[in-house]
Amino acid sequence: MAGGKIRKEKTPRGSIGSSNHYQGGIQFHKSKGQHILKNPLLVDSIVQKAGINSTDIILEIGPGTGNLTKKLLEAGKSVIAVELDPRMVLELQRRFQGTPFSNRLKASDVLKCDLPYFDICVANIPYQISSPLTFKLLNHKPSFRCAIIMFQREFAMRLVAQPSDSLYCRLSVNTQLLARVSHLLKVGKNNFRPPPKVDSSVVRIEPRKPPPVVNFKEWDGLVRICFTRKNKTLGSIFRQKRILSIMEKNYKTLQALGVPQAADVAVDMAVLGDSGEMEEESEDEDEDMDMDMEMEDGETKSDFKEKVLGVLKEGEFELKRSSKLAQEDFMHLLSLFNKVGIHFS
């Protein structure tokens, strides 16, 4: 049932507990994000919510010792497992020796390997690769039907956050542009061995078909700027010296090259200080920094600044805040900038 909650499984006293972090003679490493599902009810629920058909090819990322793999093998046509730890690979081969799965195990780093064709992805992943893995999957072609992924709970709630939610951020906007995202289960930390420090959530991701007609790099360039201070007005954000300088440099480069579309040229917007991880931007930095970046009242306004502010006024965005804007609003704002020759990639 969507939005349900899996009860925490208690470890019997005297049994091998989380303090030892062993299963089948394998020691788990928290530093590598190894937290193995041990609750059979949770495993069954994930498989059920994945909606697997008997003809489906399933990509499993982070199979661990194979607790979930066994159920996936029973439900689908085949399972392609991507696992980094060679000890886990040996354990999987031992556990499924004599089954077709033993010849279909691919052991490699999921962020570095080329993903094969698959219908459904099921993943219990190291939390530190949550963002890059999400967008690696969403960029995969041909598109898959859905992904059922276990994330750290706060990251999962960012994925599904809506305008005005406290966790609504660049990650929310970009993910929901490319996919329908829904929260399935909240999972207590004691359902894992060893238990992580925080609770988790299972999320369903369905790529949009057809995909949106937008240059994603340019879209992300705009959204990145808007969420530098998500609770400040866009008028204030687009008056900042640093942002105006970057945008004007990009604008002049495109004009010099005679390129009408941003898709045809790559101008580095990364100098905005983004780390590559789509996390929520900090709102706690000193206000003095914002004052330094904004144009002083007595400063002569440039033609480019007037062009930018004109776009905001035309779309009535000057007093709006990114934390309140929906997908359609960002799409409209991008189209207005593009109409006057301003691009973001």
Side-chain angles (χ1 to χ4, degrees), residues 1-7 9 33 35-83 88 92 95-96 99-101 104-106 110 113 115-127 129-131 133-153 155-157 159-160 175-176 178-188 191-192 196 199-209 211:
M1 178 168 57
K5 182 176 179 179
I6 293 293
R7 294 179 179 273
E9 183 183 273
H35 301 282
I36 308 302
L37 288 173
K38 66 176 185 178
N39 186 342
L41 294 178
L42 173 58
V43 171
D44 290 341
S45 182
I46 290 175
V47 173
Q48 184 268 325
K49 290 179 181 299
I52 300 171
N53 300 322
S54 60
T55 57
D56 283 340
I57 297 173
I58 305 163
L59 173 69
E60 185 184 12
I61 300 172
T65 56
N67 293 343
L68 179 58
T69 310
K70 182 176 182 296
K71 296 293 184 178
L72 296 176
L73 281 167
E74 294 171 354
K77 178 181 178 181
S78 63
V79 174
I80 303 168
V82 180
E83 173 59 63
M88 299 295 183
L92 282 171
R95 181 169 183 174
F96 298 104
T99 72
F101 181 67
R104 295 200 300 271
L105 178 64
K106 182 174 183 179
V110 69
C113 71
L115 296 179
Y117 171 86
F118 62 94
D119 299 298
I120 290 179
C121 174
V122 179
N124 174 27
I125 59 173
Y127 293 149
I129 69 169
S130 295
S131 183
L133 174 63
T134 299
F135 287 92
K136 183 180 179 73
L137 288 172
L138 289 175
N139 286 324
H140 179 65
K141 297 293 184 288
S143 184
F144 53 94
R145 189 162 78 248
C146 75
I148 309 295
I149 305 180
M150 182 87 68
F151 290 116
Q152 181 177 334
R153 178 160 176 77
F155 184 90
M157 300 316 292
L159 287 177
V160 302
T175 306
Q176 293 171 34
L178 301 174
R180 283 179 284 273
V181 189
S182 55
H183 180 266
L184 299 180
L185 294 169
K186 179 180 178 181
V187 182
N191 288 286
F192 301 89
D199 289 338
S200 305
S201 280
V202 179
V203 170
R204 183 183 181 92
I205 299 176
E206 299 178 61
R208 296 191 183 276
K209 298 178 182 178

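Just so you know, residue 1 is the first one in the sequence shown, and it goes up from there.
When every heavy atom of Ile61 is checked against every heavy atom of Cys121, the shortest pair comes out as CD1-SG, 3.8 Å. Shortest non-hydrogen contact noted between Asp119 and Phe144 is O-CB, 3.6 Å. Closest approach of Lys71 and Val43 over heavy atoms only: CG-CG1, 3.6 Å. When all heavy atoms of Cys146 and Glu206 are compared, the pair lying nearest together is CB-CG, 3.9 Å. Across every non-hydrogen atom of Ser182 and Val160, the tightest pair is C-CG1, 4.1 Å. The two residues Arg95 and Gly66 make their nearest non-hydrogen contact at NH1-C, 3.3 Å.
The main-chain N or O of Leu37 is found under 3.5 Å from a side-chain atom of Asn67 such that the two form a donor-acceptor pair. Here the side chain of Asn191 pairs a donor or acceptor atom with the backbone of Gly188 at under 3.5 angstrom. A donor-acceptor pair under 3.5 Å is formed between the side chain of Thr134 and the backbone N or O of Ser130. The main-chain N or O of Lys49 is found under 3.5 Å from a side-chain atom of Arg204 such that the two form a donor-acceptor pair.
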Phe155/Ser131 under side-chain contact (heavy atoms from CB on, under 4.5 Å): CA gap, chis, key distance, verdict:
CA-CA 9 Å; Phe155 184 90; Ser131 183; 4.0 Å; yes
Checking side-chain contact (heavy atoms from CB on, under 4.5 Å) for the pair Phe151/Met157: CA distance, chi angles, key distance, verdict?
CA-CA 9 Å; Phe151 290 116; Met157 300 316 292; over 6 Å; no
side-chain contact (heavy atoms from CB on, under 4.5 Å) between Arg153 and His183, intermediate numbers included:
CA-CA 10 Å; Arg153 178 160 176 77; His183 180 266; 3.2 Å; yes
Would Met150 and Leu42 count as a side-chain contact (heavy atoms from CB on, under 4.5 Å) here? Give the steps.
CA-CA 11 Å; Met150 182 87 68; Leu42 173 58; 4.1 Å; yes
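Note: Asn139 CG to Leu178 CG = 7.0 Å, rounded to the nearest 0.5 Å. Interatomic distance, CD of Gln176 versus CG of Leu159, reported as 8.0 Å (0.5 Å rounding). Interatomic distance, CD1 of Ile58 versus CD1 of Ile148, reported as 11.0 Å (0.5 Å rounding). Residue Ser200 holds its OG atom at 11.0 Å from CG of Leu185, rounded to the nearest 0.5 Å. Between Asp199 atom CG and Phe192 atom CZ the span is 9.0 Å, to the nearest 0.5 Å. A distance of 11.0 Å separates OG1 of Thr55 from CD1 of Ile52, quoted to the nearest 0.5 Å.
Comment: Asp56 engages Arg145 in a salt bridge, judged by a side-chain N to carboxylate O separation of less than 4.0 angstrom.
At a threshold of 4.5 Å between non-hydrogen side-chain atoms, the residues Ile205 and Leu137 do not count as touching.
Exactly one residue among Phe135, Phe118, Tyr117 makes a ring-ring contact (aromatic ring centres under 6.0 Å, His included) with His140. That residue is Phe118.
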